[in-house]
Amino acid sequence: MTTTTLPVSSPRARSRAAYRNIALWTLQGWLAMFFIAAGYAKLTESMTNLITLLGWPAVAPENLVRGLGVVEIVLALGVLSPLLSWRLFRPVLLTSAVGLAGLEIAMLTIHGLSQDFGLAAVNAVLLAFTVSVLLGRRKA
């Protein structure tokens with residue numbers, strides 16, 4: 001008969017894990033709030049206001065801008081979906097984070113090429129948040 005000893009995590013390790021979990025949930029909440037607000041604005045604001053605020057809707061069809069608003073809201077809700085069930089919705093979180101990262105890279109490129117460096121910086125910060133969440137939540 002063999003005995004196996006299981007590693008006992010130290011209180012310090014448990015504390016670090018708890019702080020890491022809180023930090024990741026905070027980032028997930030910020031991402032969700034930002035993208036729900038941005039999506040809502042794209043769905044409800046007039047195109048004139050969106051063109052004034054963002055610039056790029058001037059060269060995009062209105063349906064694309066409105067559709068992007070829906071996508072942003074859906075991805076933001078996906079980032080929060082593990083609140084319902086971690087086991088069932090963790091893949092949704094990871095998929096939503098990848099989708100948001102792709103969206104942020106595209107918008108960072110668009111804002112950078114149009115020399116709108118303020119909005120490019122916002123997308124760079126959002127991308128850093130999203131990558132942090134993606135890397136922090138990739139392990140079960």
Side-chain angles (χ1 to χ4, degrees):
M1 182 167 164
T2 62
T3 59
T4 305
T5 58
L6 297 174
V8 177
S9 62
S10 68
R12 179 176 283 174
R14 284 191 303 262
S15 177
R16 270 193 305 241
Y19 286 130
R20 182 174 164 267
N21 189 44
I22 290 169
L24 288 171
W25 274 113
T26 301
L27 290 177
Q28 286 171 246
W30 286 345
L31 285 168
M33 286 187 295
F34 180 87
F35 282 103
I36 288 171
Y40 181 78
K42 287 180 183 80
L43 289 173
T44 60
E45 288 293 321
S46 68
M47 285 300 287
T48 306
N49 284 350
L50 291 173
I51 290 168
T52 303
L53 291 171
L54 301 174
W56 65 266
V59 295
E62 183 174 355
N63 289 339
L64 176 66
V65 176
R66 305 295 183 199
L68 186 59
V70 171
V71 168
E72 288 176 340
I73 291 172
V74 169
L75 291 175
L77 293 174
V79 168
L80 294 179
S81 64
L83 286 170
L84 300 173
S85 169
W86 180 256
R87 187 175 325 168
L88 292 176
F89 292 108
R90 184 175 159 271
V92 175
L93 160 68
L94 296 175
T95 303
S96 295
V98 169
L100 285 176
L103 181 64
E104 291 155 1
I105 290 168
M107 294 313 293
L108 179 62
T109 304
I110 289 169
H111 292 307
L113 291 175
S114 65
Q115 296 182 351
D116 192 353
F117 299 116
L119 291 175
V122 168
N123 278 281
V125 170
L126 290 169
L127 182 59
F129 286 177
T130 304
V131 169
S132 297
V133 167
L134 186 59
L135 294 176
R137 296 295 192 198
R138 71 175 188 241
K139 299 177 197 165

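Values reported hereafter were calculated over all heavy atoms of this structure, with side chains retained and with hydrogens, waters and symmetry mates removed.
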Chemist: To the nearest 0.5 Å, how far apart are CD in Q28 and CG in L93?
Modeler: 5.0 Å
Chemist: State, to 0.1 Å, how close A60 and L64 come at their nearest heavy-atom pair, and which atoms those are.
Modeler: CB-CD2, 3.9 Å
Chemist: To the nearest 0.5 Å, what is the distance between CG on L53 and NZ on K42?
Modeler: 10.0 Å
Chemist: If you group Ile, Leu, Val, Met, Phe, Trp and Tyr by side-chain heavy-atom gaps below 4.5 Å, do F34 and I36 land in one group?
Modeler: no
Chemist: So F89 and L80, do their side chains get closer than 4.5 Å, heavy atoms only?
Modeler: no
Chemist: Side chain to side chain contact (heavy atoms under 4.5 Å, CB included) with L75: which residues, sequence neighbours excluded?
Modeler: V71, S96, L100
Chemist: Quick check for you: to the nearest 0.5 Å, what is the distance between E72 atom CD and Y40 atom OH?
Modeler: 14.5 Å
Chemist: Which atoms form the tightest heavy-atom contact between S81 and G78, and what is the distance?
Modeler: OG-O, 2.7 Å
Chemist: I'd like to know if V133 and M33 are part of one continuous hydrophobic network [Ile/Leu/Val/Met/Phe/Trp/Tyr, side-chain heavy atoms within less than 4.5 Å].
Modeler: yes
Chemist: Should L108 and L31 be counted in the same cluster of Ile, Leu, Val, Met, Phe, Trp and Tyr side chains packed under 4.5 Å apart?
Modeler: no
Chemist: What are the two closest heavy atoms between L119 and L54, and how far apart are they?
Modeler: CD1-O, 4.0 Å
Chemist: Answer yes or no: is there a donor N or O on one side and an acceptor on the other, between the side chain of R137 and the main chain of L24, under 3.5 Å?
Modeler: no
Chemist: Taking atom CG of L134 and atom CG of L27, what is their separation to the nearest 0.5 Å?
Modeler: 12.5 Å
Chemist: Taking all non-hydrogen atoms of both residues, which atom of T130 and which atom of A97 are closest, and how far apart?
Modeler: CG2-O, 3.2 Å
Chemist: Grouping I, L, V, M, F, W and Y whenever their side-chain heavy atoms are under 4.5 Å apart, do L94 and W86 come out in a common cluster?
Modeler: no
Chemist: Measuring only between side-chain heavy atoms, which start at C-beta, is F35 closer than 4.5 Å to V79?
Modeler: no
Chemist: Give a yes or no on whether L84 and V92 share a hydrophobic cluster (residues Ile, Leu, Val, Met, Phe, Trp, Tyr; joining criterion: side-chain heavy atoms under 4.5 Å apart).
Modeler: yes
Chemist: Work out which heavy atom in A58 is nearest to a heavy atom in I51; give both atom names and the distance.
Modeler: N-CG1, 3.6 Å
Chemist: What closest approach, in Å, do R66 and L43 show between heavy atoms, and which atom pair accounts for it?
Modeler: O-CD2, 3.3 Å
Chemist: To the closest 0.5 Å, what do you measure between CD1 (I73) and CG (L68)?
Modeler: 10.0 Å
Chemist: To the nearest 0.5 Å, what is the distance between CG (D116) and CE (M107)?
Modeler: 9.5 Å
Chemist: Please check if the side chain of S15 supplies one atom and the backbone of R12 the other of a donor-acceptor pair under 3.5 Å.
Modeler: no
Chemist: Do other residues, nucleotides or ligands put more than 12 heavy atoms under 6.0 Å from W30 CH2?
Modeler: no
